[in-house]
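I have placed the structure first, in the form of structure tokens, so that the comments after it can refer back to it.
The model shown is predicted, which means the values in this text are computed figures rather than measured ones.
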Amino acid sequence: MIGAVPALLALAFLVTALLYASVGFGGGSTYSALLALSGLDYRLLPLVSLACNIVVVTGGSIRFARAGLTPWKKALVIVALGAPASFLGGLTPIKEATFLTLLGASLVLTSLFMLVPVREDAKGAATRFARWMPLAAAPLGYFAGLVGIGGGVFLSPLLHLARWHEARGIAATASLFILVNSLFGLAGQMVKNGPDLFGQAIGAALPLLIAVVIGGQVGSLMATRVLPPHWIRWLTALLVLVVGVRLLVGV
């Protein structure tokens, strides 16, 4: 349970938030996996993870918007398709073994997606697949609400491969996608499990929320200045892969 190892678990959450925030993501799937490995009731995992996601990506989404980097017209189409699906995912009942298997698999996939090369100076016309990118929003949104992730870590590489927009616009879109999916997924989870369970989850996880606030701020403001972004992506992918494999082995 959370209370048994508060310092160690909070440190793991802080490091996770720092690494993910430095590359523009929330870290929801890794939060869920860490909580699963700690022995927390699996019904609480998406509630805590989505709340942590919201804390981590809100600041980034605001900064992108203030800097005029968010391609609103294109981004809102993707968000509008993902959000309702995320709510439905949150509403969907799921057994513990299935949940943990999907969570572990999502972590392994996350690590692979984070290894997709991202070039900040990439140029060229959008590919023919760019116009179809919004179709990926609904299944990613549903999975986000079901398992407790934001989905941006899967969306972002797809947008880069399709040259959907320039790199900073994609980062802004992924951040907004994570934020809105997390809000709608959390709403679905609350309807499914009831507000009392949500209150129990947040009360128990308050130190973890504080940890991700600190980690998220440090990650978004400082980490990319300390290490090259591709190094951070590789370190994060390695962390995610180890946690995902460990989770799958224990299912």
Does [X] share a hydrophobic cluster with [Y], counting links as ILVMFWY side-chain heavy atoms below 4.5 Å and allowing steps through other members?
X: V213; Y: L11; result: yes
X: L112; Y: L161; result: no
X: L176; Y: I62; result: no
X: V191; Y: V147; result: yes
X: L69; Y: F25; result: no

Would you name the heavy atoms of [X] and [Y] that are closest together and state the gap between them?
X: F143; Y: S106; result: CE2-CB, 3.5 Å
X: G216; Y: A21; result: O-CB, 3.5 Å
X: G169; Y: E166; result: N-OE2, 2.8 Å
X: M133; Y: L158; result: SD-O, 3.6 Å
X: G26; Y: N53; result: C-OD1, 3.1 Å
X: L50; Y: I149; result: CD2-O, 3.5 Å

Could you grab the distance from atom [atom1] of [X] to atom [atom2] of [Y], nearest 0.5 Å is fine?
X: I170; Y: S175; atom1: CD1; atom2: OG; answer: 13.5 Å
X: L107; Y: S32; atom1: CG; atom2: OG; answer: 8.0 Å
X: D41; Y: E96; atom1: CG; atom2: CD; answer: 7.5 Å
X: T110; Y: F154; atom1: OG1; atom2: CZ; answer: 3.5 Å
X: I54; Y: L179; atom1: CD1; atom2: CG; answer: 7.0 Å

Heavy-atom side-chain contact between [X] and [Y] under 4.5 Å:
X: I214; Y: F13; value: no
X: S111; Y: L238; value: no
X: L159; Y: H165; value: no
X: L102; Y: I94; value: yes
X: V245; Y: L248; value: no
X: R246; Y: V243; value: no
X: L35; Y: L44; value: no

Treating [X] as the side-chain partner and [Y] as the backbone partner, does any N or O pair qualify as donor plus acceptor under 3.5 Å?
X: T70; Y: W72; result: no
X: Q189; Y: G145; result: yes
X: S86; Y: G82; result: no
X: K192; Y: G90; result: yes
X: K74; Y: W164; result: yes

Shared-cluster residues of W132, by chain and number - hydrophobic side chains joined below 4.5 Å: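 In the cluster with W132 are L135.
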Give the intermediate values and the outcome of side chain to side chain contact (heavy atoms under 4.5 Å, CB included) for residues S156 and F113. CA-CA 9 Å; S156 180; F113 271 69; over 6 Å; no
Could you tell me how the ring of F99 sits relative to the ring of Y42: parallel (under 30°), tilted (30 to 60°) or perpendicular (over 60°)?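 Rings of F99 and Y42: tilted, 30 to 60°.
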Just do the side chain to side chain contact (heavy atoms under 4.5 Å, CB included) check on Y31 and V212 with the steps written out, would you? CA-CA 10 Å; Y31 303 137; V212 299; 3.8 Å; yes
Hey, is CZ on R63 packed in by over 12 heavy atoms from elsewhere, all under 6.0 Å?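 Atom CZ in R63 is crowded, with more than 12 foreign heavy atoms closer than 6.0 Å.
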Might you work through the side chain to side chain contact (heavy atoms under 4.5 Å, CB included) test for V79 and N181, ending with a clear yes or no? CA-CA 8 Å; V79 170; N181 274 350; over 6 Å; no
Under 3.5 Å, is there a donor-acceptor pair between the Y142 and T92 side chains?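 Note: Y142 and T92 side chains meet the donor-acceptor criterion.
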Do T30 and T16 meet the criterion of a side-chain donor-acceptor pair at a distance under 3.5 Å?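 There is no such pair (donor and acceptor under 3.5 Å, judged by atom type) between the side chains of T30 and T16.
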Kindly indicate, with the supporting measurements, whether the criterion side chain to side chain contact (heavy atoms under 4.5 Å, CB included) is fulfilled by V57 and F177. CA-CA 10 Å; V57 300; F177 187 71; over 6 Å; no
